[in-house]
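Okay, structure first, notes after.
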Amino acid sequence: IYDPEDPHKGLYDLEDRNTIITLTDWYHESAKKFGDDWINDKTIEPIPDSTLFNGVGHYLGGPLTPYPVINVVQGKRYRFRFVHMSAMVPFNLTVEGHNVTIIEADGVNHRPYEMSSIGISAGQRYWP
């Protein structure tokens, strides 16, 4: 969903479906088993078998599927949409060699704020 009245439109040159980045945790056991064990104090907080970046991740003994690549053009400004779809795991997100300017978080526009990394928890969304 793109806002035709976006107050930050002048801060970026491009946003499209290729600039949406999803992050999630991936468990190889069923949610019911984890929930039952956790509620009955049989385990500590579940630890994911993998994390997924746009639906792709690696796990011990699994295939080495290539990670998604987001191609950019030098000099262009991109509005990425980071969507954290995990059940439990927080991420610390960085863009190697770059700072990011946050302009929206969880659907609320913000004064642009530059950061070297983004701490993002389950259910949060950031639009740098």
Side-chain angles (χ1 to χ4, degrees):
I1 299 174
Y2 302 104
D3 182 0
E5 306 288 323
D6 182 3
H8 299 296
K9 186 73 175 157
L11 297 176
Y12 58 91
D13 303 312
L14 179 70
E15 82 169 324
D16 60 22
R17 65 183 182 88
N18 297 311
T19 60
I20 298 170
I21 299 168
T22 61
L23 308 164
T24 191
D25 46 9
W26 183 24
Y27 302 86
H28 295 188
E29 293 287 337
S30 72
K32 178 167 178 17
K33 179 187 180 323
F34 275 131
D36 290 347
D37 287 351
W38 195 23
I39 288 169
N40 295 316
D41 290 328
K42 293 181 183 174
T43 65
I44 59 170
E45 181 177 305
I47 298 171
D49 295 287
S50 182
T51 56
L52 304 181
F53 176 83
N54 280 357
V56 177
H58 296 164
Y59 58 92
L60 190 60
L64 294 178
T65 305
Y67 281 112
V69 174
I70 299 168
N71 295 307
V72 297
V73 175
Q74 185 173 354
K76 292 274 189 191
R77 299 169 302 165
Y78 293 81
R79 182 175 189 176
F80 290 103
R81 295 176 179 263
F82 297 110
V83 181
H84 190 317
M85 304 184 317
S86 287
M88 303 187 82
V89 176
F91 287 92
N92 185 38
L93 185 65
T94 62
V95 178
E96 187 174 345
H98 298 276
N99 285 336
V100 294
T101 303
I102 301 298
I103 57 177
E104 184 180 334
D106 289 331
V108 178
N109 288 312
H110 290 272
R111 182 183 67 222
Y113 184 78
E114 191 170 291
M115 302 173 70
S116 60
S117 67
I118 303 168
I120 185 169
S121 295
Q124 288 187 306
R125 300 157 313 211
Y126 281 98
W127 305 164

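Every value quoted in this text rests on a predicted model; they were computed, and no experiment measured them.
Considering only residues two or more places apart in sequence or on other chains, Tyr67 meets the ring-ring contact (aromatic ring centres under 6.0 Å, His included) condition with His58.
Taken together through direct or relayed side-chain contacts under 4.5 Å among Ile, Leu, Val, Met, Phe, Trp and Tyr, Met88 and Tyr59 form parts of separate hydrophobic clusters. In the hydrophobic clustering of ILVMFWY residues, with side-chain heavy atoms under 4.5 Å counting as a link, Phe82 and Trp26 come out apart. The hydrophobic clustering, which links ILVMFWY residues whose side-chain heavy atoms are closer than 4.5 Å, places Ile21 and Leu52 apart. In the hydrophobic clustering of this structure, Val100 groups with Val73; members are Ile, Leu, Val, Met, Phe, Trp, Tyr whose side-chain heavy atoms approach within less than 4.5 Å, directly or through other members.
Remark: Asp6 CG to Glu15 CD distance equals 6.5 Å, nearest 0.5 Å. Residue Thr22 holds its OG1 atom at 8.0 Å from CZ of Phe53, rounded to the nearest 0.5 Å. A distance of 10.0 Å separates CG of Leu60 from NE2 of His28, quoted to the nearest 0.5 Å. If you take CZ on Phe80 and CD1 on Ile70, they are separated by 5.5 Å, rounding to the nearest 0.5 Å. In this structure, the separation between OG on Ser121 and CG on Asn92 is 10.5 Å, given to the nearest 0.5 Å. How far CG of Asp25 is from CZ of Phe91: 6.5 Å, rounded to the nearest 0.5 Å.
When the shell of 6.0 Å around CD1 of Ile47 is examined, it contains 12 or fewer heavy atoms from other residues, nucleotides or ligands.
For residues 68-78, the pairs satisfying salt bridge (Lys or Arg N to Asp or Glu O under 4.0 Å) are Asp13-Arg77, with sequence neighbours left out.
Closest approach of Pro7 and Asn109 over heavy atoms only: CG-ND2, 3.6 Å. The two atoms that bring Ser86 and Ala122 nearest to each other are O-CB, 3.4 Å, heavy atoms only. Of all the heavy atoms in His84 and Val89, the pair that sits closest is NE2-O, 2.7 Å.
No donor-acceptor pair closer than 3.5 Å links the side chain of Asp49 to the backbone N or O of Tyr27. In this structure, Asp106 contributes its side chain and Arg125 its backbone to a donor-acceptor pair below 3.5 Å.
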I'd like to know whether Leu11 forms a side-chain contact (heavy atoms from CB on, under 4.5 Å) with Thr101, so could you lay out the CA-CA distance, the side-chain angles of the two residues, the decisive distance to 0.1 Å, and finally the verdict.
CA-CA 9 Å; Leu11 297 176; Thr101 303; 5.7 Å; no
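Screening Lys9, Arg79, Arg81 against Glu104 for a salt bridge (charged side-chain N to carboxylate O under 4.0 Å, His left out) leaves a single residue, Arg79.
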